> 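Take this structure, written in structure tokens, and hold onto it; I'll ask about it next.
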2 protein chains.
Amino acid sequence: MTRSSATAARLDSASGLVTTRERWPGDTLARVDQADRGNGPCGHCDLGTLAFCDGFARRTVTSLMRVQCTLRFEAHDTLFREGDTGVAVFNVVSGAVKVYKLMPDGRRQITGFFFRGDMFGFCLDGDYAYTAEAVTPLSVCRLPMQRLHELSETAPEVQHRILLRMTAKLAQFHDHVLLLGRKTARERVATFLLALSERARRRGDPASPIPLAMGRVDIADYVGLTVETVSRTMTAFKREGLIDLPSPNHVAIPDTQALRAASDGSA
Amino acid sequence: MTRSSATAARLDSASGLVTTRERWPGDTLARVDQADRGNGPCGHCDLGTLAFCDGFARRTVTSLMRVQCTLRFEAHDTLFREGDTGVAVFNVVSGAVKVYKLMPDGRRQITGFFFRGDMFGFCLDGDYAYTAEAVTPLSVCRLPMQRLHELSETAPEVQHRILLRMTAKLAQFHDHVLLLGRKTARERVATFLLALSERARRRGDPASPIPLAMGRVDIADYVGLTVETVSRTMTAFKREGLIDLPSPNHVAIPDTQALRAASDGSA
DNA sequence: GCTATCAGTTGATCTGTATCAAGTGAACCC
DNA sequence: GGGTTCACTTGATACAGATCAACTGATAGC
């Protein structure tokens with residue numbers, strides 16, 4: 001069984017731009033960078049149309065700006081832990097996050113990866129049900145749940161957008177439950193790679209030589225296998241010409257249809 | 001691999017109270033019973049505080065009443081199928097529902113069971129991501145998504161309540177993904193039984209001799225095992241005194257702590 | 001340059017659960 | 001009352017993927 005490596009909490013006070021407006025889980029790890037500017041509606045990120053606040057009325061954006069907070073983390077930093085009081089949602093500006101649950105004996109299940117434009121940390125008056133950890137150097141936009149809730153009284157579009165994100169996440173979970181409950185190792189790995197590829201395509205990035213932000217262990221803990229099986233399966237795919245591995249962290253998909261067939265047993 | 005039995009579509013025109021206000025997926029199967037009365041805020045069900053509309057302002061309840069629809073189904077009836085256009089959410093008034101996804105070769109994964117007071121079918125301008133089927137004779141309250149959305153413009157509490165339900169569902173999915181990805185057969189079955197028991201307790205029903213609305217095949221397709229393994233595991237639990245089976249469809253839990261220990265490998 | 005570390009890969013073996021097959025008992029029907 | 005059906009159980013065997021172990025190559029530190 002897979003055991004999680006302990007996450008070392010590291011203090012980073014080297015940044016010249018740190019200002020702390022309030023206390024929140026993980027704040028000792030975060031660097032608040034007020035100098036961030038970009039093409040996001042509120043000017044605090046460069047997410048453009050991927051930004052949570054994109055398309056909102058001017059005054060809604062202004063309200064969000066006031067409570068928003070841009071945080072930076074290094075790979076392996078923990079944003080919050082399972083059981084922490086859930087006070088904020090996060091939008092990934094750059095980098096990748098994994099969220100996972102641990103069992104008493106150390107077995108770990110990663111329940112989601114989040115990339116640029118993704119939102120995570122939904123939690124209404126309760127504790128976070130999982131731990132969130134940076135996979136790569138990370139920049140996130142943090143929105144306090146309480147403020148978001150207050151705001152949505154007057155701006156229903158805010159709540160509606162959250163609803164949209166959650167609906168999409170629910171649909172994703174249905175797929176992932178199918179993967180974990182009924183798919184073979186080959187199907188799992190194929191499905192995972194395809195999902196990454198399709199996500200890239202939807203975002204306008206090249207769909208084929210896709211970068212793998214996460215290591216083999218993380219992939220294994222996500223698709224419910226061991227590292228060894230993930231590794232063997234990817235080697236097998238390479239041997240069969242289903243994928244190419246220019247480097248361990250880059251996967252090329254020469255024939256999407258073939259990989260898709262491998263992802264649901266129709267091949 | 002588990003194969004789903006074909007669901008026989010049955011027409012039931014024997015009811016004297018059928019009135020069809022509009023067309024919707026599965027309407028040929030449903031009986032609309034306008035005569036239902038109860039203690040629910042809108043008078044159309046007896047869910048009491050479990051009702052979706054419980055606690056809403058008078059005029060909100062009135063709006064919901066007008067678009068609400070109470071439907072009845074028999075066991076094995078299909079409410080909607082994966083790929084159908086998602087036009088409504090459902091609240092279970094009585095009985096049980098399972099939702100599942102199928103693979104091309106017939107493998108099936110049940111992604112959720114829904115009981116009295118539960119809400120399912122969330123789907124914002126898209127298709128249902130799964131099929132919903134009655135496990136027992138069923139009564140549901142149907143709410144058109146579009147109307148719900150319109151209503152939430154003026155009544156934010158509606159959207160907020162949906163958000164609450166979805167957040168709870170998301171948390172449940174995290175648990176289920178952990179179960180499917182990392183738990184052993186014993187742990188899966190123990191977790192499943194405990195969840196049913198705790199649900200009953202939360203609802204004020206007796207937590208111990210819990211009725212199993214679903215058959216062994218459905219349990220297997222939910223926890224990602226085969227019928228045989230579920231059956232063997234339950235027999236083993238009985239032999240070890242972890243549970244008792246007064247009938248195949250009733251489970252007594254003499255020692256919750258012991259079963260809990262079995263549910264995460266701490267025993 | 002030498003060593004340590006760490007991610008990934010590959011090989012040999014073991015095992016938990018699936019698969020295949022048959023048996024039991026309750027409910028239903030003619 | 002005898003047969004059919006269907007859900008569940010039990011037994012024997014097979015196998016996919018886990019486990020244990022070793023190897024490779026890249027990166028970092030001194």
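Numbered from 1 within each chain, the chains take letters A, B, ... in sequence-line order. Please read these numbers as outputs of a predicted model, since none were measured by experiment.
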> Could you state the atom-to-atom distance from CD1 of B:Ile243 to P of D:dC8 in whole Å?
13 Å
> Should B:Ser231 be listed as having a side-chain N or O under 4.0 Å from OP1 or OP2 of D:dC8?
no
> Which is true for A:Asp218 with a 4.0 Å heavy-atom rule: it touches a base, it touches only sugar-phosphate, or it touches nothing?
nothing
> Measure from CZ on A:Arg216 to P on D:dG17 and round the result to the nearest Å.
18 Å
> Does a side-chain N-to-carboxylate-O contact under 4.0 Å join A:Arg72 and A:Asp77?
no
> Quickly work out the B:Leu245 CG to D:dT10 P distance and round it to whole Å.
10 Å
> Rounding to a whole Å, what distance do you find between B:Asn249:CG and D:dC6:P?
17 Å
> Would A:Asp118 and A:Arg199 pass as an ion pair if we require N to O under 4.0 Å?
yes
> Please determine if a side-chain N or O atom of B:Thr226 lies less than 4.0 Å away from the OP1 or OP2 oxygen of C:dT17.
no
> Which class fits the ring pair B:Phe80 and B:Tyr128: parallel under 30°, tilted 30 to 60°, perpendicular over 60°?
parallel
> Working to the nearest 0.5 angstrom, can you tell me the gap between A:Asp264 CG and A:Thr191 OG1?
7.5 Å
> Output the rounded distance in Å from CG (A:Leu225) to P (C:dG16).
18 Å
> Send over the distance from B:Glu228 CD to C:dT24 P, rounded to a whole Å.
17 Å
> Measure from the side chain of B:Thr229, starting at C-beta and using heavy atoms only, and say which of D:dG17, D:dT9, C:dA18 lies closest.
C:dA18
> Rounded to whole angstroms, how far apart are CZ on B:Arg188 and C1' on C:dA18?
12 Å
> Can you work out whether B:Thr235 or A:Arg186 has the more 5'-proximal nearest nucleotide on DNA chain D?
B:Thr235
> To the side chain of B:Thr184, which of C:dT17, C:dT9, D:dC8 is closest?
C:dT17
> Quick check against the 3.5 Å criterion: does B:Arg116 have a side-chain atom that pairs as donor or acceptor with the backbone of B:Val93?
yes
> Rounded off to whole Å, could you give me the CZ-to-P distance for the A:Arg107 and C:dG16 pair?
13 Å
> Look at the side chain of B:Arg232 against the base of C:dT19 and say whether a donor-acceptor pair falls under 3.5 Å; ignore hydrogens and angles.
yes
